[in-house]
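Letters go in sequence order (proteins before strands), and every chain restarts at 1. Note that the structure is a prediction, hence the values are computed from the model and not measured.
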Amino acid sequence: MSYGNGEISPLLPSVCRNPEVPRLKESKIRLRFAPSPTGYLHLGGARTALFNYLFARHHGGLFILRVEDTDRERSTKESIDAIFEGLKWLDLDWDEGPFFQSERLDLYRSVSDRLLSAGHAYRCYCTPDELEERRKAALEKGLPPKYNGRCRSRSTEGSGPHVIRFRHPETSEIVVRDLIRGDLRFDGSLFDDWILVRSDGYPTYNFAVVVDDIDMRITHVLRGDDHINNTPRQIALFETLGESLPFFAHIPMIHGADRTKLSKRHGATSVMSYRDMGFLPQALVNYIARLGWSHKDQEIFTRRELVDYFDLDHVGSSPAVFNPEKLLWLNAQYMKNADPNELAEWVRPLLHPVMNPVRSEGNETQGFDLTKIVDEWKTRSRTLLELADSVHPFIDRDFSYAQDVLEKHLNQANRPLLSLYRERFAAIRTWDRDHLTDVLKTIGTERNLKLGQLAQPLRAALTGQNVSPGIYEVLILLGRQEVIDRLDRALRTIPPET
RNA sequence: GGUCCCAUCGUCUAGUGGCCCAGGACGCUGGCCUCUCACGCCGGAAACACGGGUUCGAAACCCGUUGGGACCA
């Protein structure tokens with residue numbers, strides 16, 4: 001395979017053919033997360049960021065944030081903000097940056113000038129139409145659609161719009177030393193003279209990445225394996241620029257249930273949408289950490305443990321399917337173990353508008369105790385949103401009765417029982433668990449009812465639901481006055497005898 | 001189509017040649033606890049893609065096949 005009539009001057013041929021294991025010049029390792037701001041921070045990006053963060057922290061290195069916004073069409077300010085917001089929510093703090101590629105055009109310009117004057121790059125005046133034509137022709141002949149090197153050796157300067165191409169060194173093979181996958185071999189004849197600088201003067205992705213990774217002295221490039229095919233080109237450029245290579249490590253993609261790369265059509269993929277659905281950032285971090293990485297049989301990790309244990313040896317190499325059920329379970333675990341005061345503060349902003357707040361007994365100004373209520377409900381909810389839902393009847397007197405509850409429990413047959421409750425509760429000396437237990441036991445004996453038969457109608461009257469925390473917890477949470485009011489309301493609700 | 005990657009229960013995974021007729025977790029399921037529902041606890045079903053090698057021995061190493069994916073076009 002030849003580049004047409006172009007004269008080929010081998011550049012650093014031996015280096016590309018026999019890549020050395022990268023050597024570290026830095027005393028501290030340096031990693032970067034380099035998102036393109038063309039959308040929100042999605043789960044895949046978040047995991048890449050997390051792995052970079054964890055690897056850096058584990059080794060006492062630095063984590064750098066770089067925004068790759070050279071695609072002027074698709075990059076937006078909103079997206080940049082969304083990515084920062086996502087990282088912040090996940091508590092992935094960076095040590096340097098954010099750097100914006102759009103503010104570093106001078107740097108790319110100076111490097112492309114250097115390559116140009118050293119003969120490692122050249123201006124190409126082929127028009128998009130010409131290239132398209134040649135591409136088609138090559139495809140028809142069954143040849144790979146590479147650039148044919150037409151401008152590679154032109155003796156005169158052209159004029160008009162042009163791109164700058166990298167004079168790709170001739171090499172038999174380029175080997176990517178991947179920390180996760182081992183050696184990845186690419187046939188050297190595959191590569192054509194790719195574009196470094198577009199006709200509008202903006203650098204291409206591969207060019208800007210290499211320039212920045214050198215400039216920022218990145219020691220480890222840890223990124224999604226959708227970039228594997230870019231790596232040999234980047235390596236050739238590193239070598240041509242006389243730079244030692246960083247370590248590369250490509251982590252597998254996250255897939256949807258259909259085993260294709262996770263994307264919008266799989267539903268919620270934005271990190272922030274998980275906040276909006278009532279997930280805890282710690283739970284999401286824990287979940288994505290375990291997607292493609294493991295530490296023996298452990299499922300739940302503190303941030304500290306994640307940093308302590310994280311390593312590339314236990315990053316898998318096959319793609320992982322995102323499983324919302326397991327995330328839900330993890331979130332429930334984190335809620336169960338959360339400090340009740342904190343949990344209450346997380347739930348508070350999510351509460352529905354309260355029309356008629358419950359007042360705690362004996363202290364009209366204090367109001368309901370959200371911490372206690374939330375504490376009783378936390379093992380019964382998997383998300384903060386569910387928790388906010390469940391808690392509502394305990395903070396708002398204007399709750400409603402579920403239809404099946406009305407039919408099953410708030411009926412004529414239970415009227416005497418509910419009246420009796422009202423009477424006995426009003427007479428209790430101290431509103432505590434012991435006295436309440438007494439009341440129920442006594443009534444149970446008198447009327448020959450089991451606790452289950454006693455508790456369900458009461459629960460229905462007090463909460464409008466078939467499900468709630470333990471009946472004594474409910475009674476204590478609501479307080480005497482509220483309980484009596486609710487029993488009155490339930491009794492009024494029962495349709496009169498016909 | 002080209003290049004590259006990947007392959008253990010439905011899903012996430014443990015496993016680095018003998019500890020594995022394969023362990024944990026989610027989900028599913030039986031039971032216990034119990035005033036409901038959860039939580040919790042105990043149990044169950046459920047996997048090494050296939051075919052060849054290498055080896056005394058293979059889920060693990062090699063080759064091929066099949067299947068899946070990513071990138072480029």
Side-chain angles (χ1 to χ4, degrees), chain A residues 44 131-132 135-136 138-140 142-147 174 176 178 180-192 194 205-206 224-233 250-263 286-300 313-333 335-337 375-382 386-387 390 405 408-409 436-437 440-441 444 449-460 462-463 465-475:
Chain A
L131 292 170
E132 178 60 18
R135 199 184 68 81
K136 273 187 187 158
L139 242 30
E140 270 169 35
L143 298 169
K146 306 199 309 185
Y147 176 64
I174 297 179
V176 177
D178 190 286
I180 293 173
R181 287 155 212 274
D183 288 357
L184 278 24
R185 298 173 177 282
F186 294 80
D187 187 334
S189 69
L190 244 43
F191 304 103
D192 61 359
W194 50 280
Y205 169 77
N206 280 323
D225 70 10
D226 48 346
H227 288 292
I228 283 184
N229 288 315
N230 286 323
T231 310
R233 288 185 180 78
H250 290 93
I251 60 180
M253 301 276 86
I254 299 178
H255 283 179
D258 62 356
R259 296 191 170 279
T260 64
K261 190 173 160 181
L262 204 60
S263 69
N286 195 145
Y287 179 74
I288 60 181
R290 277 288 283 101
L291 225 43
W293 173 80
S294 61
H295 181 72
K296 307 196 179 115
D297 284 342
Q298 190 167 342
E299 295 287 349
I300 297 178
D313 289 349
H314 293 88
V315 173
S317 39
S318 56
V321 174
F322 176 72
N323 180 208
E325 284 294 326
K326 189 156 182 179
L327 172 58
L328 232 22
W329 172 78
L330 258 177
N331 203 59
Q333 296 297 312
M335 283 178 39
K336 191 179 69 170
N337 296 323
D375 204 31
E376 292 298 343
W377 271 105
K378 66 185 183 186
T379 61
R380 278 164 259 255
S381 319
R382 296 195 295 179
E386 278 181 27
L387 189 53
S390 304
V405 168
K408 199 169 174 193
H409 296 298
L436 290 165
T437 310
L440 265 73
K441 274 195 176 152
L449 293 172
K450 289 189 210 156
L451 196 45
Q453 296 167 295
L454 287 165
Q456 276 310 96
L458 184 55
R459 170 174 286 113
L462 297 180
T463 68
Q465 304 290 330
N466 282 324
V467 170
S468 82
I471 196 66
Y472 300 112
E473 281 71 31
V474 169
L475 288 163

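Residues A:D183 and A:V176 form no side-chain contact, since every pair of their non-hydrogen atoms from C-beta on lies 4.5 Å or further apart.
Minimum atom distance to the side chain of A:S318 is reached by B:C6, of the listed B:G69, B:C71, B:C6. Minimum atom distance to the side chain of A:E473 is reached by B:C35, of the listed B:C71, B:G40, B:C35. For A:L291, whose side chain is taken as the heavy atoms from C-beta onward, the closest listed nucleotide among B:C71, B:C5, B:C12 is B:C12.
Heavy atoms of A:E325 sit under 4.0 angstrom from primed sugar atoms or phosphate atoms, though from no base atom. Among the protein residues, A:D226 comes within range of the sugar-phosphate backbone only, with heavy atoms under 4.0 Å from sugar or phosphate atoms but none that close to a base.
Taking side-chain N and O atoms only, A:R259 has a distance below 4.0 Å to OP1 or OP2 of B:U11. Close to B:A14, at under 4.0 Å from its OP1 or OP2, lies a side-chain N or O of A:S294. OP1 or OP2 of B:C5 has not a single side-chain nitrogen or oxygen of A:H227 nearer than 4.0 Å. When the side-chain nitrogen and oxygen atoms of A:K336 are compared with OP1 and OP2 of B:A38, none of them lie within a distance under 4.0 Å.
Across all strands shown, B:A59 forms no Watson-Crick or G-U wobble pair with both distances under 3.5 Å. The nucleotide B:G64 finds its pairing partner in B:C50, both defining distances of the Watson-Crick or G-U wobble pair being shorter than 3.5 Å.
Between the C1' atoms of B:A70 and B:A25, the separation comes to 28 Å (whole Å). Between B:G15 and B:C72, the two C1' atoms lie 36 Å apart (nearest whole Å).
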